[in-house]
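In the text below, chain A, chain B and the rest are named by the order of the sequence lines, each starting its count at 1. Since the model is a prediction, treat every value here as computed from it, not as a measurement.
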Protein chains: 2
Amino acid sequence: MNLKELSEKLGLSQTTVSRALNGYPEVSEATREKVQLLAKRHNYSPNTRAKGLATGRAHAIGHVIPTARRHEVVNPIFGDFIAGAGEVYAANNFDMVLSIVEGGDEEKVYRAFKTRGTVDGVILHGPRINDERIPLLQEIGLPFVVHGRASGVETDYSWLDVNNRRAFTRATEFLIDLGHRRIGLINGLEDMDFAHRRKIGYEDGLKARGLNIDPLIMRSDEMTESNGYTAAGEMLDSEAPPTAILVSSIITALGTRRAIEDRGLKMGRDVSVVTYDDSLSYLANGIDVPIFTATRSSVRDAGRQLSNLLLAKISDPSRPPDHILLEAELTVGQSTGPAPST
Amino acid sequence: MNLKELSEKLGLSQTTVSRALNGYPEVSEATREKVQLLAKRHNYSPNTRAKGLATGRAHAIGHVIPTARRHEVVNPIFGDFIAGAGEVYAANNFDMVLSIVEGGDEEKVYRAFKTRGTVDGVILHGPRINDERIPLLQEIGLPFVVHGRASGVETDYSWLDVNNRRAFTRATEFLIDLGHRRIGLINGLEDMDFAHRRKIGYEDGLKARGLNIDPLIMRSDEMTESNGYTAAGEMLDSEAPPTAILVSSIITALGTRRAIEDRGLKMGRDVSVVTYDDSLSYLANGIDVPIFTATRSSVRDAGRQLSNLLLAKISDPSRPPDHILLEAELTVGQSTGPAPST
DNA sequence: CTGCATATCCAAAGCGCTTTGGGAGCGAAG
DNA sequence: CTTCGCTCCCAAAGCGCTTTGGATATGCAG
């Protein structure tokens with residue numbers, strides 16, 4: 001069932017039917033109702049490609065998610081982010097097109113998105129320091145918003161980010177207040193902007209209290225469970241083990257916890273842990289009492305807000321760049337306690 | 001840069017340029033090269049919508065992923081599955097369109113996919129017992145393949161599944177061989193077909209050795225960390241706690257482990273755990289030595305195989321349904337040991 | 001009855017591609 | 001010198017929609 005058939009059945013022109021369905025005023029309410037009724041009955045909906053060709057808009061948003069270089073790790077937060085964005089797209093009748101790409105090959109995908117007209121805009125994931133994708137997208141002229149920010153990129157662009165620096169400063173101070181003096185950091189890959197900022201936040205916190213920064217208890221790697229285990233294990237086995245560890249992801253934190261307990265220690269008593277928590281739906285941080293003390297911000301909510309921003313930008317290209325900075329909340333759980341007396 | 005402009009620049013007709021680029025034999029190699037060269041230089045690629053309109057094919061595959069009813073849980077295996085499928089799509093120049101939908105609203109999405117011509121086919125995720133989506137898709141006439149199977153659905157369709165039943169029978173037997181006589185089950189939601197089959201497999205294993213089935217140590221719920229914690233905790237606190245637990249997901253197993261250790265018990269010594277492991281990239285089951293004894297099958301690989309199947313089916317609609325049954329491998333880790341002597 | 005808004009509808013062009021149905025041009029065969 | 005059969009190319013139709021630029025009808029004032 002297409003427009004032509006539908007209009008023939010109605011004895012109207014395609015023009016009128018199209019206008020009736022799209023809410024244009026040039027058609028009487030009586031005929032509009034007739035048209036809508038028959039359209040429902042035959043559950044007609046316009047062909048996406050034809051509509052797109054005619055209007056020049058794809059009514060789709062692209063997400064290109066890179067799998068990490070070297071390892072084939074898919075960042076688990078994408079699932080929840082995309083769930084949030086998906087709600088918004090569904091409500092606005094936009095499609096979401098996903099492109100999984102090995103880190104580095106993204107340029108091709110963005111260019112193809114533009115020249116083939118596959119999408120009207122993209123959400124940029126996982127910005128790195130000096131991320132080249134931002135100037136690229138600006139050059140290409142494809143509307144975009146960034147989930148995070150990119151230190152070192154000078155031009156203005158729309159982004160939504162969590163105040164990672166502040167979150168980690170607060171977490172560090174929280175641990176210091178508990179009496180901890182030797183605090184480890186298990187971070188994500190530090191060419192990722194979020195990890196870079198968290199590191200700075202952590203260092204800020206230490207410096208503000210006159211504690212020194214010790215690279216021996218600072219790690220940076222892909223945020224997997226086993227990397228958390230390895231990193232924490234090495235720290236704990238070292239000459240001067242930390243009494244507290246700051247971790248960048250709840251998944252890494254699970255590994256950290258495992259390393260602690262494998263050594264017969266108890267998390268929250270012998271070693272304190274504070275983690276960043278993206279509120280992943282299947283890894284909720286405890287039900288009643290949080291397992292981990294955590295700085296938390298919902299990535300799903302970020303998906304909702306950011307996709308709304310992009311849609312707004314697409315419908316009004318002259319809209320100036322937006323910047324949304326979310327503060328993470330610090331919730332106290334069972335994984336932290338006073339520093340053990342030496 | 002579009003076909004028209006390109007052909008004018010070349011002094012050729014659109015027909016010839018189109019044919020040159022699409023590899024038709026009616027054009028001489030000399031002109032083909034000229035055309036391809038200029039196309040590269042202006043990095044021309046045909047407009048997706050126009051091409052789609054002309055050919056009647058979308059060159060895109062749809063994935064509709066339901067968020068669980070009630071809870072807003074996004075199954076974490078989608079990330080890895082989609083990464084696998086994405087590789088295949090990229091290699092074949094297909095787009096992937098994702099639709100996140102609240103459980104139950106899927107029919108609308110499938111119908112829209114068909115009537116709007118958004119995609120050429122879909123991959124059906126998370127089949128349930130008597131899943132109504134399978135007859136629906138057959139009625140609609142949208143090519144599809146299923147990740148899993150649906151018990152109770154009589155018609156034939158293409159699927160790829162892990163032999164869940166056998167995997168859980170083997171796991172159960174493995175535990176029995178270790179001397180365990182009281183084995184708990186922490187399963188996914190049992191209207192999900194995979195969970196249903198795992199339960200049967202578990203029961204098969206018990207029955208074959210003359211052990212009785214005790215609903216008191218069988219749970220079924222969304223596979224989150226905290227549900228694993230709660231379920232395991234309740235079992236362990238009961239009158240007759242199990243000495244071993246069979247778990248349906250590595251995430252749930254993490255919760256199970258936490259429940260065990262919270263009670264001052266040691267996993268692998270006091271309580272054995274065998275889990276199903278989807279080989280999630282960020283939750284690898286240990287690096288050298290597996291943490292958990294597990295029945296494992298890579299969901300990423302499933303994504304690759306299944307998307308290939310769908311592409312084959314789309315390019316040859318007369319192809320009879322395929323059925324791929326993968327066997328999970330049982331790897332022994334540190335989470336199991338002989339039953340404690342009573 | 002005429003003239004002029006106003007309301008309602010329509011024919012046709014155009015979006016960028018593929019594909020059908022030829023049509024030159026040319027060497028070889030008759 | 002035809003004619004046939006290739007090879008190489010092209011004009012134009014068509015995919016299903018939106019939208020421009022009218023056309024027709026209706027109502028009301030003059």
Side-chain angles (χ1 to χ4, degrees), chain A residues 1-36 38-39 42-60 93-95 112-120 315, chain B residues 1-36 38-39 42-60 93-95 112-120 315:
Chain A
M1 172 66 50
N2 56 23
L3 227 213
K4 190 170 166 199
E5 290 170 31
L6 191 65
S7 59
E8 278 165 2
K9 248 189 209 8
L10 281 159
L12 290 170
S13 73
Q14 295 190 34
T15 309
T16 305
V17 176
S18 169
R19 286 185 163 152
L21 292 174
N22 291 316
Y24 284 79
E26 296 95 332
V27 49
S28 72
E29 277 312 312
T31 55
R32 189 192 302 284
E33 273 171 27
K34 247 179 287 175
V35 170
Q36 284 175 337
L38 203 69
H42 292 67
N43 61 64
Y44 163 81
S45 42
N47 181 292
T48 308
R49 294 185 297 275
K51 183 162 189 161
L53 230 207
T55 57
R57 319 176 76 309
H59 247 252
N93 271 311
F94 267 69
D95 288 326
F113 273 168
K114 175 68 178 186
T115 60
R116 318 181 88 116
T118 318
V119 300
D120 296 323
S315 72
Chain B
M1 173 64 50
N2 56 20
L3 227 212
K4 191 172 166 196
E5 289 170 33
L6 191 66
S7 59
E8 278 165 3
K9 248 188 206 19
L10 281 159
L12 290 170
S13 74
Q14 295 190 34
T15 308
T16 305
V17 175
S18 171
R19 285 184 163 151
L21 293 173
N22 290 316
Y24 283 79
E26 298 93 333
V27 48
S28 71
E29 277 313 311
T31 55
R32 188 192 305 282
E33 272 170 28
K34 247 178 290 177
V35 171
Q36 283 175 339
L38 202 70
H42 292 66
N43 62 62
Y44 163 80
S45 42
N47 180 291
T48 307
R49 295 185 295 275
K51 184 163 187 161
L53 229 207
T55 58
R57 321 177 74 311
H59 247 251
N93 272 310
F94 267 68
D95 289 326
F113 273 167
K114 175 69 178 187
T115 60
R116 318 181 90 113
T118 317
V119 300
D120 296 323
S315 72

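- Candidate nucleotides dC17(C), dC17(D), dC9(C) were compared by shortest atom distance to the side chain of Y44(B), and dC17(C) ranks first.
- Listed nucleotides: dT19(D), dG16(C), dT18(C). Nearest to the side chain of S18(A): dT19(D).
- With dT18(D), dG16(D), dT18(C) as the choices, the nucleotide that has an atom nearest any side-chain atom of L53(B) turns out to be dG16(D).
- Atoms CZ (R19(A)) and P (dC17(D)) sit 16 Å apart, rounded to a whole Å.
- N22(A) has a side-chain polar atom (N or O) that falls below the 4.0 Å cut-off from OP1 or OP2 of dT18(D).
- Rounded to an integer number of Å, the gap from CD of E29(B) to P of dC8(D) is 9 Å.
- A heavy-atom distance below 4.5 Å is found between the side chains of T31(B) and K34(B).
- An OP1 or OP2 oxygen of dC9(D) is reached within less than 4.0 angstrom by no side-chain nitrogen or oxygen of Y24(B).
- Look at T31(A) and you'll find a side-chain N or O under 4.0 angstrom from OP1 or OP2 of dC9(C).
- Nucleotide dC10(D) holds its C1' atom 16 Å from the NZ atom of K4(B), rounded to whole Å.
- In terms of phosphate contacts, K51(A) brings a side-chain nitrogen or oxygen within less than 4.0 Å of OP1 or OP2 of dT18(D).
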Exercise. Going through the distances and angles, do N2(A) and E5(A) end up as a side chain to side chain contact (heavy atoms under 4.5 Å, CB included)?
Worked result: CA-CA 5 Å; N2(A) 56 23; E5(A) 290 170 31; 3.3 Å; yes
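- Summarising the geometry, the separation between CD on E26(A) and P on dC9(C) is reported as 11 Å, rounded to the nearest angstrom.
- One interatomic measurement links the two molecules: CG of L10(A) to C1' of dC10(C), which rounds to 14 Å at whole-angstrom precision.
- L12(A) places its CG atom 18 Å from the P atom of dT24(D), with the value rounded to the nearest Å.
- Distance CD (Q14(A)) to P (dT8(C)): 22 Å, rounded to an integer number of Å.
- Here CG of D120(B) is found 5.0 Å from CZ of R57(B). Values are rounded to the nearest 0.5 Å.
- Residue T16(A) places none of its side-chain N or O atoms closer than 4.0 Å to OP1 or OP2 of dC9(C).
- The nearest whole Å value for the distance from the NE2 atom in H59(B) to the P atom in dC17(C) is 15 Å.
- Within the 4.5 Å cutoff, the side chain of R19(A) has heavy atoms near those of the T15(A) side chain.
- Side-chain nitrogen and oxygen atoms of S28(B) include none within less than 4.0 Å of the OP1 or OP2 phosphate oxygen of dT7(D).
- Note: L3(A) CG to M1(A) CE = 10.5 Å, rounded to the nearest 0.5 Å.
- At a cut-off of 3.5 angstrom, the base of dT19(C) holds at least one donor-acceptor pair with the side chain of T15(B).
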